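Just so you know, these numbers come straight off a predicted model, no measurement behind them. Letters go in sequence order (proteins before strands), and every chain restarts at 1.
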Amino acid sequence: MDAERTDNSKTANKRQDVSNIGVSPLYFLGKLVWSIVRFLFLLGMAFVILYPIFYMISMSLRDSIDMYDASIVWIPRHFTLENFKLVFTAMDFLPALKNSAVITVVCTALQVLVCATTGYGLARFEFRGKKLLLLIVIFTIIVPPQMVNLPNYLLFSDFDIFGMIHAVTGAETTFSMLDQFSTVFILAALGQGIRSGLFILIFYQYFRNVPKELEEAALIDGCGYLKTYRQIMLPNAGGPIITVIVFSAVWYWNDYYTMTTFFTNIRTVSVRLSGLSNSLTSLMGNDAYNPYEIMTIQQAACLVCLVPIFILFAVLQRRFSRSILTSGLVG
Amino acid sequence: MKRSKAQRKKSRAGFLFVLPWLIGIILFFLQTVFKLIRYSLCDLKIVQGSGFVYEKLGKGIFTNFLDAFTGDALFPQKLMESLSDMLYRIPIILVFSLIVAIILNQKFRGRGMMRTIFFVPLLISSGVIASIIKTSLTSTVMGGDSSNNIFNATLLINMLYEFGLPDNLVNTIGSMVSNVTDLVWQSSVQIIVFIMGLMTIPATYYEVAQVEGSTAWETFWYVTFPAVFPYIFVNLVYTVIDHFVSYDNGVMKYIMDTAYKDFKYSYASAMMWIYFFIIIVTLAAAAGLISLISPVREKKKGDRKNGRRKNG
């Protein structure tokens, strides 16, 4: 509220030397021109972005015979849904969907919670070593995940926390944590999931710029730190939370490298998708191998993989617009 | 005395907020980092029966690092290419995504749909789908030329030729279109982050600015920019790592091939550390440049008048 006053007085200072053009016809003309320019710009962008999607739809709905006909560009002549049927059997789709859904939902939830808490702790409190921790956050973002895969694999293939488990239980050998959902869950819960560092940074920047007044009022009223965070700061952080949910869900859904590092038996949708052409070849046999047919089926598979996460975004997008109201409360 | 006790309590609370993440860092991240340092300082070999064996390097522990610059012709060259590419890419992506975010934050019919459309590149470009589409588009009748872009302008260029435009003009337009396309596909994360930043501005700010008759330019610098500024750093970090760490990056590809195809994991770790150091320096330099345009200094002028500032 105070910040608002600042802006009020600032614009008030400006008023003397700025001519008021708010009502002139030129203003409306400018607005009209701008909305036309904006419309054309967005139209162009939409075309560029949706081009591959249209391509996928067009490819996935055609029989592979159409691929030999150069006159067919967009609209298939031999319309078929056979490709989608093949996708479901070749990808073993439903179990893969279940795996992907479990990993995406649980990891995203854990990541949002941990990253928001860490970001809040770093943004709103002063303690020794905080600068170092911020530097480590940046480090974790930059270290290439591809390089970390091998050490992480070794770590989880004979899992033991500094020999502690060995000391407590007296078990002779360490145990393997590979091929268990809990491996990725543990990583996400301790802020080491896919691009957790970036999410911590987003929350850090958000919480650092929220006015102090609200928090102070809550603390004076006798709210503890945790309660203030849970009941006041977190509910108002709708914007960053939804942003992080979207990123985290997409990246877990699409992830191929982490999943193939830790899992061999648990196959997610994206792992199945990357192995699709191989499994199709073995399904159809070498004699029937037809690159064009595989291509059409692959496009159908891409579409099928996109749909669930796309629906998620379309739903969240509405909340994205609505959270203006909630963040307005804070600002 | 009382105050310092309260402060101590507060700093302890802050530490507790960070604790879960810190445990993760100690358990996983630091272990990994130490392992990577150890790999880079020796020669890691896979011996059948006993797994991984560390062998001492012949010419001192920094042999791998020296080799990267003296014994390897490809690495420094790829490094320079990647860096110079980055130099013009960062500002263009940041400015472009800010403009798109501002447009998508305006009120117009179909805004929700447009936001959903701009989400598509994020969905497609981060996964297996991207590589499938690329190979497929370049090998079918629709593609034609073998560019690296997901979308290519062949269709448009052919259309323009048929309209009878001169060759030079068509080529310029064609390259412009494919550059813009590249931009769109690389900046969807940045756009979403900026939209998030823009949404933290209460609508009343803009109303006040309009009532007071400030120009669009002033509204941008005094209302929009300060709110978005903290997220420029987020986007900078993301742009840098997205470019440097992506699988298309020449250096990264080279490092990964050395590690997983030639099985020279130690040498790859050493190259990774050099690369890592260069990324840090680039990032620090870029962050320094951005802090030059920080609205904080302008706010400080306002401070004297108003007694407080809004954004840090």
Which region of B:I279, side chain (C-beta onward) or backbone (N, CA, C, O), has a non-hydrogen atom less than 4.5 Å from a non-hydrogen atom of chain A, or is it both or neither? side chain
For the student: nearest non-hydrogen atoms of A:I49 and B:P121, plus distance: CG2-CD, 3.6 Å
So, the part of A:W253 with a heavy atom under 4.5 Å from chain B: the answer is neither
Chain A contact via B:V189 - which portion, at a heavy-atom distance below 4.5 Å: both
Counting heavy-atom pairs under 4.5 Å to chain A, which of B:Q106, B:R12, B:M113 comes out on top? B:Q106
Leading residue by heavy atom contact count with chain A [cutoff under 4.5 Å; candidates B:L283, B:L16, B:I129]: B:I129
Cut-off 4.5 Å, heavy atoms of chain B, and the answer for A:R128 is neither
Taking every heavy-atom pair that is under 4.5 Å apart, which of A:L50, A:T140, A:D255, A:V114 has the most such pairs with chain B? A:T140
Looking at side-chain heavy atoms only, is the closest gap between A:N209 and B:F229 below 4.5 Å? no
When rounded to the nearest 0.5 angstrom, what distance separates CD in A:Q205 from OG1 in B:T200? 11.5 Å
Rounded to the nearest 0.5 Å, what separation is found between the OH atom of B:Y231 and the OG1 atom of A:T243? 8.5 Å
Are there more than 12 heavy atoms of other residues, nucleotides or ligands under 6.0 Å from atom CZ of B:F15? no
If I measure from the heavy atoms of chain B, does A:Y204 come under 4.5 Å with its side chain, its backbone, both, or neither? neither
Using side-chain heavy atoms (C-beta onward) and a distance below 4.5 Å, is B:L22 in contact with A:I136? no
Per-residue contact mode, B:L30 against chain A (heavy atom under 4.5 angstrom): neither
Counting only heavy atoms closer than 4.5 Å, note whether A:L226 contacts chain B via side chain, backbone, both or neither. both
Closest heavy-atom pair and its distance - B:F276, A:V143: CE1-CG2, 3.4 Å
Within a strict 4.5 Å, meaning less than it, do heavy atoms of the A:L190 and B:F29 side chains meet? no
In terms of heavy-atom contacts, B:V128 and A:S274 come closest through CG1-CB, 3.5 Å
Tell me whether the count of non-hydrogen atoms from other residues, nucleotides or ligands lying under 6.0 Å of CZ in B:F34 goes above 12. no
Derivation and outcome, side chain to side chain contact (heavy atoms under 4.5 Å, CB included), residues A:L201 and B:Y238: CA-CA 10 Å; A:L201 193 64; B:Y238 181 78; over 6 Å; no
Between B:V234 and chain A, with a heavy-atom cut-off of 4.5 Å, which part of the residue counts as in contact: side chain, backbone, both or neither? both
What part of A:Q192 lies closer than 4.5 angstrom to a heavy atom of chain B: side chain, backbone, both or neither? side chain
If you define the side chain from C-beta out and look only at heavy atoms, does anything of B:F108 sit under 4.5 Å from A:F39? no
Can you tell which part of B:L19 gets under 4.5 Å to a heavy atom of chain A, answering side chain, backbone, both or neither? neither
Under a 4.5 Å heavy-atom cutoff, which of A:L219, A:V244, A:L276, A:I309 has the most pairs with chain B? A:I309
B:F277 CZ to A:I142 CD1 distance, which is reported to the nearest 0.5 Å: 12.0 Å
Go through the steps for B:Q7 and A:F127 under the test side chain to side chain contact (heavy atoms under 4.5 Å, CB included), then give the verdict. CA-CA 9 Å; B:Q7 270 178 340; A:F127 50 89; over 6 Å; no
Pick one of side chain, backbone, both or neither for A:I200, based on which atoms fall under 4.5 Å of a heavy atom in chain B. side chain
Quick one: pull up CD1 in B:I117 and CE in A:M45 and give me the separation to the nearest 0.5 Å. 12.0 Å
Answer with side chain, backbone, both or neither: which region of B:L198 has an atom nearer than 4.5 Å to a non-hydrogen atom of chain A? neither
Using the ring of each side chain (for Trp, its six-membered ring), is B:F17 parallel, tilted or perpendicular to A:F125, with breaks at 30° and 60°? parallel
Honestly, the part of A:F139 sitting under 4.5 Å from a heavy atom of chain B is both
Distance in Å, A:C305 SG paired with B:I124 CD1, rounded so as to fall on 0.5 Å steps: 11.5 Å
Pairs of heavy atoms under 4.5 Å with chain B: top-ranked of A:L273, A:L42, A:L198: A:L42
Residue part contacting chain A, namely of B:S269, when any heavy atom lies under 4.5 Å: both
Which atom names give the shortest non-hydrogen contact between A:L133 and B:W21, and what distance separates them? O-CH2, 3.6 Å
Considering non-hydrogen atoms only, spot the tightest contact between A:Y225 and B:K9 and give its length. CE1-O, 4.4 Å
So for B:Y275, is it side chain, backbone, both, or neither that comes closer than 4.5 Å to the heavy atoms of chain A? neither
Region of A:L306 in contact with chain B, defined by heavy-atom distances below 4.5 Å: both
Could you look at B:I25 and say if it's the side chain, the backbone, both or neither that has a heavy atom under 4.5 Å from chain A? both
Go through the steps to decide whether B:L122 and A:F313 satisfy the test side chain to side chain contact (heavy atoms under 4.5 Å, CB included), and finish with yes or no. CA-CA 11 Å; B:L122 169 71; A:F313 184 79; over 6 Å; no
For A:F41 versus B:V100, what's the shortest heavy-atom pair and its separation? CZ-CG2, 3.9 Å
When rounded to the nearest 0.5 angstrom, what distance separates CD1 in A:I241 from CE in B:M196? 10.5 Å
Answer with side chain, backbone, both or neither: which region of B:I255 has an atom nearer than 4.5 Å to a non-hydrogen atom of chain A? side chain
Region of A:V137 that comes under 4.5 Å of a non-hydrogen atom in chain B: both
